[in-house]
There are 2 protein chains.
Amino acid sequence: MKEENLALCLLLSKKGALLSKIKLSTFSLARQTGFSQQSISRKLRELETDGLIERAASTSGIELIFTQKGKNELESFYLELKDIFSKKKSQSLKGKVVDGLGEGSYYTAIPQYKEQFKKLFGFDLFPGTLNLEVDPAQRNIFTSAPPIQIEGFKTAQRTFGGINCWPCKVNSKVSAVAILPHRTNHPANIIELVAPINLRKKLSLENKSVVEVKLQ
Amino acid sequence: MKEENLALCLLLSKKGALLSKIKLSTFSLARQTGFSQQSISRKLRELETDGLIERAASTSGIELIFTQKGKNELESFYLELKDIFSKKKSQSLKGKVVDGLGEGSYYTAIPQYKEQFKKLFGFDLFPGTLNLEVDPAQRNIFTSAPPIQIEGFKTAQRTFGGINCWPCKVNSKVSAVAILPHRTNHPANIIELVAPINLRKKLSLENKSVVEVKLQ
DNA sequence: ATTACTAACTTACGAGTAT
DNA sequence: TATACTCGTAAGTTAGTAA
């Protein structure tokens, strides 16, 4: 259906037109929707032409009911929204192993970061990170969980930014930490994992291997 | 939001714009929605003007995220549809006792109908019906349950139409049958009850008394 | 009372193009 | 490349009114 008729269809649904014929007038619908009587008349004729409702107009008003096609179109809007809003924030994502930019490796070599990792997660970092290419939308959902923060610091030379961390499990077996520096050059489809061990070796991964990452 | 932008907002949501900033181009959105690049540009600016998204355009693309207002508007669509589609088909309705048109009383006096009632429901009809004024939408839901049919018949003089029947319980106490003649002059906000007894007396009802009718 | 046609008005759209 | 302005055209809206 034309989207601009969605509110009208919602109103008709509330009146029961998904279940049985309902009788109404273009005038009353006009009052309830803010459109003119003439526009409602036209819109209902459009919905009929598009096969979304059955309509029987007379001088005493209009009787109408949704067709199966009409019900389906309305329900598909519902299902899309349901998907968006009732999604158990799927705290897992699939990623494809790719070569890293070295950004993460750089961080894992810096003592001040290493100390904080040890303090927060109880392990010494394996030097190097596992870079995963993921669906950016999925990554957004993943990283919308509250992160554990590694704090930035300054040296005489420069400023080091903070890092967001999410403890996770890779392939339901190996514990790791997904990291995202506050200021990063990473594109939105990359996420980096650090761990106390060499993840590539432990999981026998090559480039293009696919792994599953679950929040913990 | 303008309804005509709903599909665009759904697309943005799927890309994760409810949760975090996403980066995209008007051109790619145009391809995915079927609108022109110019229209997407205009629509995004509209959404920003309406306070539904935050938008940062540059020569490398657009970064955007839904505002709370935008999230709310989208969610309200969802909640309305949820209401419509996940409604436990409330098979009960409230009705206000009103004087009848006598239509039901007429039917309950005709032997061929009386016999069928006896056969289907096992009781002799009390002569007369209880007329209830109900919400037409609620009645539609109620009567969308599969009815038990009393069949029409012909005499030398005229044709008598069929009657749809729904066994029910009034005020959770007294059994009755809601009836709706196939061809009726009743307005959509009236439903009639028949029973083996005088419902008005049994339930001490006057005009304007409110009763609850539950499908059985 | 209705529905819905006509005609005038208003808004939306997108090709061309500037930046 | 990107966004977005201009402007001619298409589509949507509604007041008046017929049926």
B/Phe153 ring center within less than 6.0 Å of B/Tyr113 ring center = yes

Output yes when B/Lys71 and B/Glu75 qualify as a salt bridge under the 4.0 Å nitrogen-oxygen rule, no when they do not.
-> no

Using atom CG of B/Leu44 as one end and atom P of D/dC5 as the other, report the distance to the nearest whole Å.
-> 13 Å

Taken to the nearest whole Å, NZ/A/Lys23 to P/C/dT2 is 11 Å

For D/dT3, take OP1 and OP2 only and decide whether either is under 4.0 Å from a side-chain N or O of B/Arg45.
-> no

Phosphate OP1/OP2 of D/dT3: any B/Thr26 side-chain N/O under 4.0 Å | yes

Would you kindly give the CG-to-C1' distance between B/Leu29 and C/dG14, to the nearest whole Å?
-> 16 Å

Ionic contact status for B/Asp135 with A/Lys14, cut-off 4.0 Å = no

Value in whole Å for how far the C1' atom of C/dA4 lies from CD1 of A/Ile62 = 9 Å

Which one of A/Val97, A/Val170, A/Asn189, A/Leu205 satisfies the side-chain contact (heavy atoms from CB on, under 4.5 Å) criterion with A/Leu132?
-> A/Val97

For the pair made of CG in A/Leu8 and C1' in D/dT13, what is the distance, rounded to whole Å?
-> 14 Å

Could you walk me through whether A/Asn207 and A/Ser209 pass side-chain hydrogen bond (donor to acceptor under 3.5 Å, both in side chains), step by step?
-> CA-CA 6 Å; A/Asn207 278 2; A/Ser209 296; over 6 Å; no

Nearest to the side chain of B/Ser41, which nucleotide is it out of D/dT3, C/dA4, C/dT2?
-> D/dT3

Please determine, for the side chain of B/Arg55, which listed nucleotide (C/dA4, D/dT3, D/dA4) has the closest atom?
-> D/dA4

Exercise: do B/Arg45 and B/Thr49 side chains pair donor with acceptor under 3.5 Å | no

Are a donor atom and an acceptor atom from the side chains of A/Ser28 and A/Arg31 found within less than 3.5 Å of each other?
-> no

Rounded to whole angstroms, how far apart are CD on A/Gln37 and P on D/dG16?
-> 13 Å

Please list, pair by pair, any protein nitrogen or oxygen found under 3.5 Å from a nitrogen or oxygen in nucleotides 6-9 of chain D.
none

Under 4.0 Å protein heavy-atom contacts per nucleotide of nucleotides 7-13 of chain C, with B for base, S for backbone only and - for none | -----SB

Report the distance from atom CD of A/Glu48 to atom P of C/dT3, rounded to the nearest whole Å.
-> 13 Å

Here the distance between atom P of D/dT13 and atom CD1 of A/Ile40, to the nearest Å, is 9 Å

May I have the step-by-step check of side-chain hydrogen bond (donor to acceptor under 3.5 Å, both in side chains) for A/Lys15 and A/Gln32, ending in yes or no?
-> CA-CA 12 Å; A/Lys15 292 178 179 296; A/Gln32 291 170 76; 3.1 Å; yes

